[in-house]
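Report on one structure; see the data block that follows.
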Protein chains: 2
Amino acid sequence: MASTPDHADAPGDGAAPAERLPVTQRAIDHIKGMIADGLLQPGDRLPTERDLAAELGASRSSMREAIRALTTLGVLEARHGAGVYVTPLRPGDLLETFSVLAEISQGETLIEVLQVRRMLEPAATALAAARADDAQLRRLAGILERIGTGESEGETVAADLSFHQAIVEITGNATLVAVNDGLSSRTFNARVWHGHREAGLSARLREDHERIYQALHDRDPDAARAAATTHVMEVERWLRGHLGSSQRD
Amino acid sequence: MASTPDHADAPGDGAAPAERLPVTQRAIDHIKGMIADGLLQPGDRLPTERDLAAELGASRSSMREAIRALTTLGVLEARHGAGVYVTPLRPGDLLETFSVLAEISQGETLIEVLQVRRMLEPAATALAAARADDAQLRRLAGILERIGTGESEGETVAADLSFHQAIVEITGNATLVAVNDGLSSRTFNARVWHGHREAGLSARLREDHERIYQALHDRDPDAARAAATTHVMEVERWLRGHLGSSQRD
DNA sequence: GCGTAGAAGTGGTCGGACCAATCGGGCGGC
DNA sequence: GCCGCCCGATTGGTCCGACCACTTCTACGC
């Protein structure tokens with residue numbers, strides 16, 4: 001944890017212990033601190049870059065880099081001509097960055113990602129099975145129909161992603177949605193479907209999804225957990241068989 | 001996915017791609033693309049900021065902001081005087097940013113975070129129970145002794161974090177370690193211990209950890225899963241009882 | 001009263017300058 | 001000939017001041 005060194009910066013503590021941190025880093029900590037201390041609440045507007053820079057004795061360039069860093073993290077949002085604002089700080093915003101992981105990772109890391117999903121998805125699916133209402137189930141059924149049916153592999157991949165996302169959303173846990181999102185990648189999903197199609201195993205993948213839906217429809221958490229586990233393991237099985245073969249071109 | 005706007009759509013106006021994106025964003029995409037395409041591999045050194053800026057027709061300021069963004073994401077690493085390098089792209093690096101979540105989130109989001117941990121930790125602990133070797137168990141035992149014994153609450157909190165981290169590390173899954181790390185916060189942990197001590201429930205927390213250790217020692221995954229679940233739920237129980245009361249110090 | 005044009009405010013970009021840390025090569029001492 | 005120190009070139013870090021692009025608010029005219 002703690003990208004920033006813990007300096008017990010007690011409020012009012014004046015004995016400046018020779019902060020040798022880079023200016024930009026100090027600016028980042030300063031703003032982060034204002035949020036953590038409640039001085040800045042979600043939706044609040046920050047002072048202008050020029051004012052903030054003056055306040056910290058830093059240049060506007062450094063302050064801009066600090067703001068850019070926090071913008072990247074999803075903590076701040078800059079609106080051209082209007083000002084800089086604190087985001088709602090919802091998990092989804094903060095974890096957007098998270099997506100780089102699934103986007104960039106390769107090889108062994110993909111296996112690790114799948115192992116984490118194997119822990120999360122079964123639990124999430126079981127929870128969803130206990131909570132799903134009729135409208136949500138109808139929506140799921142609609143998405144399921146688009147999986148593995150049409151000729152377009154792209155639509156199947158998109159529907160697949162939507163399917164799992166919709167299930168996780170049923171849990172009502174935005175943090176879970178964000179984490180799960182970060183562990184899923186469109187390009188990886190596409191590779192899985194393409195590989196299965198080539199091996200004549202598309203049907204197997206579709207059946208996985210049907211079983212998951214059925215379990216949710218039956219409000220059967222145990223069945224849901226099992227179906228989700230089976231599905232993730234199927235993907236993992238495929239990945240282990242294809243590691244290293246289709247990595248680089 | 002979706003940190004980058006899809007330029008694939010744009011139905012009507014097919015002609016000009018019209019890259020209207022902000023300069024800095026274009027620079028970010030450029031570098032990210034070079035990594036995704038394998039032009040830049042982990043450990044590689046990037047051209048100098050000045051060269052990169054010239055290459056893209058951008059100013060050095062904008063290029064620096066782009067580099068700052070990717071540095072924040074854990075993709076790049078800048079070494080003063082030496083150059084900018086691509087990180088090993090290990091999950092731990094990429095998820096460092098992740099820690100802002102537990103660091104900043106409050107109220108309801110904390111509950112959500114705990115629910116995610118309730119999915120991950122039992123599974124991770126069960127896996128660890130099946131894999132732990134003697135040396136790892138001895139190390140765990142050593143950490144366990146520091147939990148809830150001495151007078152220093154700070155040491156207990158630190159040991160608590162180490163304990164769970166060590167267990168997750170036994171799984172050998174770096175991605176899992178990183179995710180779990182991001183969901184844990186020292187300040188939150190401190191609040192939990194402080195609250196329990198005030199209520200005279202420190203012993204209960206310590207017993208939780210002892211049960212987890214015992215299960216690992218017995219190489220009993222089921223018991224480990226149960227013990228971990230119980231522990232997370234205990235924390236969740238406490239949090240629900242204290243939401244809104246003791247936010248800030 | 002309403003819409004519009006203009007002014008002020010604010011983030012976005014630029015170019016150049018200088019500081020500070022690093023690295024490499026050359027010079028001198030052993 | 002080898003080792004070590006020092007100096008200069010390279011490169012990231014910071015600062016400044018200017019201008020552009022977008023938003024917002026205001027005052028003007030209809």
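This structure is a prediction, so every number in the text was calculated from the model and none was measured.
If you find the closest nucleotide of DNA chain D to A:Gly81 and to A:Ala58, the one lying nearer the 5' end belongs to A:Ala58. Take the nearest nucleotide of DNA chain C for B:Tyr85 and for B:Gly57: the residue whose nucleotide is more 5' is B:Gly57.
One cannot find a donor-acceptor pair under 3.5 Å joining the base of C:dC14 and the side-chain atoms of B:Ser62. The base of C:dG12 does not come close enough to the side chain of A:Arg68 for any donor and acceptor atom to sit less than 3.5 Å apart. The base of C:dG15 is not paired with the side chain of B:Arg50 by any donor and acceptor separated by under 3.5 Å.
Listed candidates were D:dT11, C:dT13, C:dG11. Nearest to the side chain of B:Pro22 is C:dT13. Of the candidates D:dT14, C:dT22, D:dC22, the closest approach to any side-chain atom of B:Ala82 belongs to C:dT22.
When rounded to the nearest whole Å, the span between CG of B:Leu56 and P of C:dC14 equals 10 Å. One can place CD of B:Gln25 at 18 Å from P of C:dG11, the figure rounded to the nearest angstrom. In this structure, the CG atom of B:Leu76 is 15 Å from the C1' atom of D:dT11, given to the nearest Å. Atom pair A:Arg60:CZ and D:dA18:P shows a separation of 13 Å (rounding to whole Å applied). Distance, A:Arg64 CZ to D:dT14 C1': 15 Å, rounded to whole Å. In this structure, B:Glu65 atom CD and D:dT14 atom P are separated by 13 Å, rounded to whole Å. Nucleotide C:dT10 holds its C1' atom 11 Å from the CD1 atom of A:Ile67, rounded to whole Å. Separating the NE2 atom of A:His80 from the P atom of C:dT13 is a distance of 8 Å, rounded to the nearest angstrom.
By the 4.5 Å heavy-atom criterion applied to side chains, A:Glu121 and A:Asn180 are counted as neighbours.
Under the 3.5 Å distance criterion, the side-chain polar atoms of B:His194 are left unmatched by any main-chain donor or acceptor of B:Ala190. Of the possible polar contacts, one joining the A:Thr87 side chain to the A:Gly74 backbone as a donor-acceptor pair under 3.5 Å is found. Without hydrogens or angle criteria, B:Asp133 side chain to B:Ala135 main chain gives a donor-acceptor distance under 3.5 Å. With hydrogens and angles ignored, the 3.5 Å screen pairs a side-chain donor or acceptor of A:Glu112 with a backbone N or O of B:Thr175.
Taking 4.0 angstrom as the limit, B:Ser61 places none of its side-chain polar atoms (N or O) nearer than this to OP1 or OP2 of C:dG15.
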